[in-house]
Amino acid sequence: MARVHGKDLSSLSVDDAGGTARNLLNETIGVDFSTSADTHDTTTMGDDWKEFTAGLKGGDTFTHEVFYNNSATTGTAAVYRGRIGVAGSFSFSDGTLTASMETIVTNVSESYSVADMIKITATHQVTGAVTFG
């Protein structure tokens, strides 16, 4: 087992609005990714301790922050402006482990500050199963 630094990601791709995977690894500032599972309360009246059973997985949202790139069809601005409300694939890997999923981009925000690089933050809603490999 090796410790891995964020800069050690070996791939990160996001489908554009047409379903073509775009490599956004070099434009990526960060991904705030998480997955979760619901629980259901199965406690019986009179029990001293609460009891739960596993529920549905997923339904999570996460953000992907990238540098603004204004290339006409392959830049981050074109990819994410086109993906608002559109389903597509999102995947990343550290060269050993991979996570891939279908997402719908629900929000795209752009940050313009005179002294800084322009950044885009896209919010993804996971739809369906996340595949870990």
Side-chain angles (χ1 to χ4, degrees):
M1 178 169 79
R3 292 183 178 145
V4 180
H5 193 276
K7 67 179 180 168
D8 295 329
L9 281 182
S10 60
S11 69
L12 189 147
S13 67
V14 177
D15 282 359
D16 63 15
T20 302
R22 301 294 181 186
N23 178 359
L24 298 187
L25 179 64
N26 292 332
E27 305 293 345
T28 295
I29 299 167
V31 177
D32 187 11
F33 175 75
S34 66
T35 56
S36 64
D38 293 334
T39 58
H40 299 287
D41 189 339
T42 58
T43 309
T44 303
M45 231 15 175
D47 284 352
D48 290 334
W49 293 89
K50 287 186 175 186
E51 296 178 6
F52 295 89
T53 188
L56 295 171
K57 297 177 188 175
D60 301 276
T61 61
F62 66 92
T63 58
H64 180 209
E65 187 177 33
V66 294
F67 289 113
Y68 181 93
N69 178 323
N70 62 1
S71 296
T73 57
T74 60
T76 56
V79 169
Y80 273 129
R81 287 175 180 175
R83 272 290 304 279
I84 297 171
V86 176
S89 295
F90 184 97
S91 65
F92 59 93
S93 175
D94 64 12
T96 302
L97 299 176
T98 302
S100 59
M101 67 222 69
E102 290 292 308
T103 69
I104 299 169
V105 174
T106 59
N107 185 46
V108 174
S109 62
E110 300 175 12
S111 174
Y112 298 88
S113 178
V114 174
D116 296 327
M117 298 290 294
I118 300 172
K119 295 182 274 187
I120 294 174
T121 302
T123 303
H124 291 257
Q125 172 76 53
V126 177
T127 178
V130 176
T131 303
F132 295 105

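What you see is a predicted model; the values in this text were computed from it and never measured.
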Check whether any side-chain N or O of [X] sits under 3.5 Å from a backbone N or O of [Y] as a donor-acceptor pair, and report yes or no.
X      : Y      : value
Gln125 : Gly59  : yes
Ser89  : Asp15  : no
Arg83  : Val108 : no

Quiz item: Side chains of Asp60 and Ser34: do they bring a donor and an acceptor to under 3.5 Å?
Solution: no

Self-check item: Contacts of Thr44 that satisfy side-chain contact (heavy atoms from CB on, under 4.5 Å) - sequence neighbours left out
Solution: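 Thr44: side-chain contact (heavy atoms from CB on, under 4.5 Å) contacts with Asp47.
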
Quiz prompt | Residue list, side-chain contact (heavy atoms from CB on, under 4.5 Å) with Thr96, at least two apart or on another chain | solution = Asp94

Exercise. Answer yes if Phe90 and Ile29 sit in the same cluster of Ile, Leu, Val, Met, Phe, Trp and Tyr residues linked by side chain heavy atoms under 4.5 Å apart, and no otherwise.
Key: no

Atom [atom1] in [X], atom [atom2] in [Y]: separation rounded to 0.5 Å?
X     : Y      : atom1 : atom2 : result
Thr61 : Ile104 : OG1   : CD1   : 12.5 Å
Leu24 : Asn69  : CG    : CG    : 9.0 Å
Leu56 : Ser36  : CG    : OG    : 10.5 Å

Self-check item: Listed partners of Thr43 passing side chain to side chain donor-acceptor pair (under 3.5 Å), at least two apart
Solution: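 Counting only residues at least two positions away or on another chain, Thr43 forms a side chain to side chain donor-acceptor pair (under 3.5 Å) with Asp41.
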
Quiz prompt | Partners passing side chain to side chain donor-acceptor pair (under 3.5 Å) against Ser13 (at least two apart in sequence or in another chain) | solution =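 So Ser13 forms a side chain to side chain donor-acceptor pair (under 3.5 Å) with Ser91.
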
Quiz item: Looking at residues at least two apart in the chain, or sitting in another chain, which of them share a ring-ring contact (aromatic ring centres under 6.0 Å, His included) with Phe33?
Solution: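 For Phe33 the ring-ring contact (aromatic ring centres under 6.0 Å, His included) partners, ignoring immediate neighbours, are Phe62, Phe92.
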
Exercise. For the residue pair His64 and Leu12, establish whether any side-chain heavy-atom pair is separated by less than 4.5 Å.
Key: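 A side-chain contact exists here, since the closest heavy-atom pair is under 4.5 Å.
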
Practice problem: Determine the minimum heavy-atom distance between Ser93 and Thr98, stating which atoms define it. | Solution: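 Scanning both residues completely, I find the closest heavy atoms to be OG-OG1, 3.2 Å.
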
Practice problem: Using the side-chain hydrogen bond (donor to acceptor under 3.5 Å, both in side chains) rule, collect all pairs that involve residues 111-123, keeping only residues at least two apart or in two chains. | Solution: Glu110-Tyr112

Quiz item: Hey, which of Val14, Val66, Thr76, Leu9 is the one that makes side chain to side chain contact (heavy atoms under 4.5 Å, CB included) with Thr28?
Solution: Val66

